[in-house]
Structure formats: structure tokens, C-alpha cells
Amino acid sequence: MRWLLATYSPLIVRSLVYMLQATEYNIGSYLSWFHRTRDFSKVIQRKSLVYTQKAMLLVLIGVAVYLTTILIAVLIALKGGFAIIIGAALIVLLPVIIAYVIIIPLIIGQYAIQRPKEKRMLEVAQAQLRKQHCRKIAIAGSYGKTTFKETLATILSETLHVAASPGNMNTPIGLANFIQKLDGSEDVLIFEFGEERVGDVKRLCELTHPNMGVITGISEAHLSSFKSIEAITSTILELRDYLKSYDVYKNGENEFITAAIPASDHHLYSEEGVNGWKVSKVATSIEGTSFVATKHNKAIWAHTSLIGRHQVGPLVACIDIADKLGLSVTDIAEGIKKTKPFEHRMQPYKLLGATIIDDTYNGNLKGMAAGIDVLKSAKANRKIYVTPGLVEQGNLKEVNHVKIGHMIADSDIDEVVLMNNSVTQYITRGMKENGYKGHTRIVDEPLEFYTNLSQYVASGDVVLLQNDWSDNYA
Amino acid sequence: MKTVAVFFGGRSAEHDVSIITALSSVIKPLELTGKYKVAPVYITKDGRWYMHDKLKDIKQYQGSGIEKLLASIKPVIVDFDGGFSLLQPTRFGQKRVKVDIAFPAMHGTFGEDGSLMGILDMANVPYVGCDLQSSVVAMDKILSKAVAKEAGLPTVQDVTFSASEYRENSSSMLDRIEQELSFPAFVKPPHLGSSVGVMKVVDRASLAEAIDTALHYDNKVLVEKAVANLREATLPIMGYGDTVIPALLEEPLFNTDEFFDFDTKYLRGGKGGKKGGGKVGAKQGAQGYSNVPANFPEKLYAEVQSIAVAGFKAAGCCGIARVDILIDETANRIYFNEINPLPGSLYAHNWAKAGYSNVALVEKLIEFALARFDERQRLITTFDTSFLKQF
């Protein structure tokens, strides 16, 4: 009954516009969600529809289409005979009609208004940057970009005037907005590059003209749109190709990068070191990470509240960049001390005496492995692992989730909480294959679980929350 | 999915406390297990039983909502159908809810005292917590002290009497109390929990007044000598059979001239009240400010825990209970005080510190309930005889 009401009442319009907003008006993602969804009563869960002018307009159009379609269906049906069937068919197809008709003005708007406006914005940003002669560092990769960007900005800010693109604003328009806000006095600009299609990184290079680069890692993120890992690799390596003779730091702990880059490249960073820096005395716990980095007569005792051994490689790359930009070892050590976990990325907090590690922005297999590794080494009353799995894994969906199941089974985890969805079966299969002996809880309502987390935890527990599916994936 | 019926409210002075226990510490965690369907069974102060999903919402009880809701639905009918079913009258007939497991979340009379357990035993349905026999012992402060004494546990010196004994010759009873116990003393109605009707007395006049008050609540009275240099401790325990799991020893905090009565426990937010703020560093638990774990020397902690566990076992408790202990700090004497067969809110705050989440706690309690039920099913309670043939 609730399902029927949500599908055929005017409320469907709100759900459709909400999803357009949630997918950032990406028509492909929106239509893919629409055809996958069977129950429209549970669409708006994590957020709510923000009534912007655009959203208001779409709601009005949707309601108009709703009423017009019903009116037409009734008028046709009144003719009797076969017309009744046509009228009934129109009513049955009502949600489909609205779903498609509301995107027509959106498409027209995109071509007639938005794209020309965005083109002008990009030209202005490009011209502005050309005038600014400073260090411009671009960060690309399937994962770890935001943490690297924030870490580097924190360290360099010890002595330099640094501006970094905020949050996840890593599209051309996002970066153009950021550029327009610069005052031109910055010593260092740090840009995070997002990628969803082949050529995206090259386009961002042409917008920002970087003179230093970092490639944080390559994984199967966005595999659904790229179709192959080769396409992802070549797209991310567009940064290396663009920068040619400039320094490009690459994650030497990533197999896709090491397969594409010769081992002799002294900008390959890892927990061993980079570019002459040697790392030793690595210690990590849920309180933080520490290590010593030495190069010639320089030594840095690094302490950070960032969690996990996988943080050491990026940190030593940051040390080398900071060294190159003239920071003293004391400044670098002070800067590292100020780095801290970023929101929803291996971010620990306390709840009823339990330690919760919020890694809900983690959306790739490598990151999942790093998080599980931290949980494995943690000292805890109970180790609890919570995940819905990964999205956009394309044809590796099954393989990667079975791998996650294997990792869970091999990590002494006491309780696993899985959100019931299309990948749950693969994770549980992996757990079974590797003989998982702990307790498994499968949750139908993820939001209910997260909002009642305090009911599930007790003092001494360590709980790792990895990834969270937004409404368009749920 | 199995249905767990949670019983709360009831004909008890602790009616409202029971609502909080059920809604905060039982129903929500049970639902979050994802294993059980929860049927909330609310028993009104006049003893009518209602079952409705809206009864899971605390807002219903905070205004006139509950009266309106109850006026719109009919009380349930209990059906002993070889098990235990609740029939909810609807517009089109009756909706039958077969109860697979019962979870009493009731405090005080007609619930925690064994009454409900008797009904559940008759229906042969598994239920959580202390059984009929241990509930009866635990809820009678006189009986539980007798059981503890029999088990060799130290108890505070007392005088006990019935209403009729007192009325026959109140003056001589007061004399006896004055002779055997010195002031200050505590007067307690032996069957009530949450310190309802308990009064501290300092002279003959206040003693007589307190006994009169206690006799409004009960037909027996327990008068105990007050423990000097008092420190209190309480220990939530769960278990069944050989498995006994103590939580953390908890020390309620108070000023020496204060007494931990119902008002202090539930209405003012603990000893010293919310305004008082309690001792620095202490946490506010279900019953106010307390130290969890109690800040006792290691040896004292171990001794107190040992006496509490022995009290739990002596009374035959199973499922969950909380044992209260009194300590004369100067004389270094420890006394078994009483047992609470269903601690308020299950003492979930303490269990969480001891490593049991709310969800894990209710799961464990259901596990114990099912184990006890299985064991009881194996007992022979009936057999064929030729007895009737002789008539």
C-alpha cells in the first residue's frame, strides 16, 4: 500500500527531483537509479530535498505533468471501448512519464544556459591562473587525494601561504570557483583532481597548469563509467604525461602504478621512503602514527594522529615536497604534528567508551584493506567492522567483494555488520571461504543502524565504519 | 522471525520507571538485533493489558496521548493455547500474536515479584530474567536476607514483624526495636523496590511514623540498624546455571546525611540532584551519580563482588539481577543488603562499561531465557497413574 502510494501519488515528483539533486543533475546516474528502483517509498533517507530555484521549477513541472497526464488519461478513457485501455496504460506509466519529462527542461537548460556559463567561468579561471606564478601542485588518483591534499597543506602552511581546493570540489567548475576566490598572493596552490571519464585529468591540467604533481593511487573506483582499469590508469597518468619534466610523486605501494612506472623512479613513495628519505621506527595505533625520516644530515621525528601504516608513504612524500620548498626539519615536524584525520576518513571518536573509526568516505578496495589492517592490529574488547560494500565496481563487483570477505575473515574481527544490498552475498561468501568464525549481523535499514550505533557498542570496542552508500546507490 | 512480547507498566508504584526500562533498554535494542519482532504489552495502573506499536513511543506517555490512544484500542485477550498468544481486537475480528519469548520489563508489584512469571510458567513460554521462585525471594527483603544468612553471608542486624503483630502491641514492638537496634535505623516495606516507602529514622517518634507509612505499602515491615561509615555498592549480574557474569561494581555517591530514596533516584537525577551535579568525575547512571567501576581497593572490590555473586546464586537468580551491598568502611565489614531481580533500565549504563552493548545485553538475556526453557522442558512434571481408577 505504501509502495503504491509513493509511486502513484504526487509525492513521486519530490522523490524524482530529490534524486536529480542527489546525483548533481547527472542524467545518466539519475536514469540508472530510476530503472533500478522498485520501491519509491524509501528514496529520501539520508538527506532532504533542498528547494533551490532549480528544484522548485522541476517540482512545478513534475506536478503539472502529473495532473496533465491524469487529465488526458481520463478524457481518453471517457471515450469508452479500447480507449479505456489506453487511458489505463497512461495511468500505469505515469511515474515513467514524469521521470522522463522533467529531464527535458534540464537538458535544454544545460545546453542553452549552463554550459556557456561554465565555459566562460573556465576561461576566466584559466586566465587568472596564468598570471599567478607560484607553485601549483595537482593531486590525482582513485583514492587518498583529499587526505594527501589536506596533509600537504597543513605542513606547508607552517611557513608558506597555501591555498587548497576545498572539500571534494575536484571538477572543472569546482576548481574554477576556487580559483576565482584566490587573491594572487599565495605561495602554493594545491588542486585536487577528480576523474570520471578518460581525458578528465588532462582537461584539469589545462585549466590549472600545475608544475608539480602527486598520484595517490589507482583502483577500480568509477569502474562503471571507465569500463576498464586500463582506462582508469591511463586517465590518472595523464597528470604524469602533462607534467613531463616536473616532479610527479607516485604511490609506490600501488600495484597499478608500479606496473606502469619503472622502479628506478625516485619519486615513487612508500613507507620505506622517497627521493633519498629513509623511513624507520614506524609505530601505529588507533591513537596515531609515528616514524623517523632521515636524509643525509637531516632527521625528522614525525608524529601524527592520522591512523594506519598506509599514511607513512604519503607523509614522507609531503616531507620531500616541503623540504624542496624550503621548510626546515623543525617546521616540517611541527606541521606533521598538526595533521589530523579528516572528516569521515579514518576519523576516530569516542562513543560510550568505544572507539569508532569513521571511514565512511572510503570507497575503494585499497582503502578498505588499509582500514581493515588498522582494525586487525587494534587492541579491543570487540573488533566490529561495518560496511555496505563498494559501489561502481563494474565487472569486478563480485571479485572485489569476495576479496573484502577474505580480508574480514583473515583479520580477527569479532562482529561484522553488513548492510543488506546487492553485494552482501559476495562479502559473506568471501568470509565463509576463508573460515570467518565471528558473528555476522545483516542490517536492512542502514540509517536505523547508524543512528542507533550507541545501542550496538560498549566500552573497549573498536568499531570501523567503512563507506556509506548515498540514496542513489541504496 | 520470533516474536518477543515486552511487558511493562503494571499495577506498581514503579509503573513509570518500568516504561523507561522497556522503551530505552529493551524494546529498541531488541528491534535493533534484527532477529525479533517486538510486541509491546503495556499494563495500565488498573491492570488492563494493551498491545499497539504506538506504545513503543515515549511521547505517548508524556502528555494526554496515552489516554487517547488507549481509548481508541481495546485491551488484549490472553489465550493459553498450548503456548501463549495475545489477541488484539480489531474492526474485523482479532489479530493473534503468538508470543515466542516474553521479556518482563516490570518493576515492583505484580510484575517483578513473580506474579507475571507465574502466568508465563503456566503458559509454558520462555521468558527473560529471574523465574517465579527467585523473583519471590528477591522481592521480599526479609526472605532474601534469610536466604543470604542461610548461605553464610553477612547481613545487617534487623527486626521484622507483620502488620497484625505491630497492631496488636505497637508499643512493645517499638521498645524491642529500640533495645535491639540503636538509632539511626531504616524502616522498609519488604516487597517494594526503588526505595519506595523506605525511611531513615532517628528516634522513637520518627520510627513510629515510618512504620505507619511502611504499612501503607506492605503488610510486613523490616527495620534495619543503619550501617555506620557507610559506603554502598551495587553489582548487576547476569547468568544462568554455571555461567555467572558480573558487570562492574558501582558505587552510588551521596552525602552521609542523605538517603537514596525514590525521589533522589528517579526524579532529581541522582544524589545531590542534577543541580548539585554530583561528585567531580562521577557519571550519572540510571539511578543518579555513581562511580563505575567503584573506586575500591582491589581486595575490598574482590570481597564485595564475591558476596554479591554469592547472594545472586543463593537466591537462585537467573537472567539478570542486581545485588546491593553495604560497607562499614571503618570497621571493614561488608553486608549483603538486597536483590533487585530487574534492575532499572537493566543497568545498561554499567553493562556498556563492562563491555556489553545494549543490543548484546538483550541478546544474551534471551539466550539465557531459551537455555532455561529448554532445560525445563526436559523435566518430568506429569506422569500417568492409576490413581483415578480407584474412584
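Heavy atoms only: backbone and side chains are in, while hydrogens, waters and symmetry mates are out.
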How many angstroms lie between atom NZ of B:Lys35 and atom CD1 of A:Ile442, to the nearest 0.5 angstrom?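 Answer for the NZ-CD1 pair, B:Lys35 versus A:Ile442, is 12.0 Å.
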
B:Ala354, B:Pro29, B:Gly34: which one forms the most heavy-atom pairs within less than 4.5 Å of chain A?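 Of the options given, most contacts go to B:Pro29.
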
Taking B:Ser25, B:Ala352, B:Ala348 one by one, which has the highest count of heavy-atom pairs under 4.5 Å against chain A?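 Heavy-atom pairs under 4.5 Å are most numerous for B:Ala352.
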
By a 4.5 Å heavy-atom criterion (distance strictly below it), what part of B:Thr33 contacts chain A: side chain, backbone, both, or neither?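 For B:Thr33, backbone and side chain are both near chain A.
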
Can you see whether A:Lys350 engages A:Thr355 through a side-chain donor-acceptor pair at a distance of less than 3.5 angstrom?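 Yes, a side-chain donor-acceptor pair sits under 3.5 Å.
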
A:Thr284 side chain to A:Thr289 side chain, donor-acceptor N/O pair below 3.5 angstrom: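 Yes, because at least one side-chain N or O of A:Thr284 sits under 3.5 Å from a partner of the opposite role on A:Thr289.
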
Examine B:His15 together with B:Tyr61 and report whether their ring centres are nearer than 6.0 Å.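 No, ring centres 6.0 Å or more apart.
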
Would you say the rings of A:Phe449 and A:Tyr456 are close, in the sense that their centroids are separated by under 6.0 Å?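 When the ring centroids of A:Tyr456 and A:Phe449 are compared, they turn out to be within the sub-6.0 Å range.
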
Part of A:Asn381 lying under 4.5 Å from any heavy atom of chain B: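 For A:Asn381, the side chain is the part near chain B, not the backbone.
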
Region of A:Val457 in contact with chain B, defined by heavy-atom distances below 4.5 Å: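 When you check distances to chain B, only backbone atoms of A:Val457 fall under 4.5 Å.
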
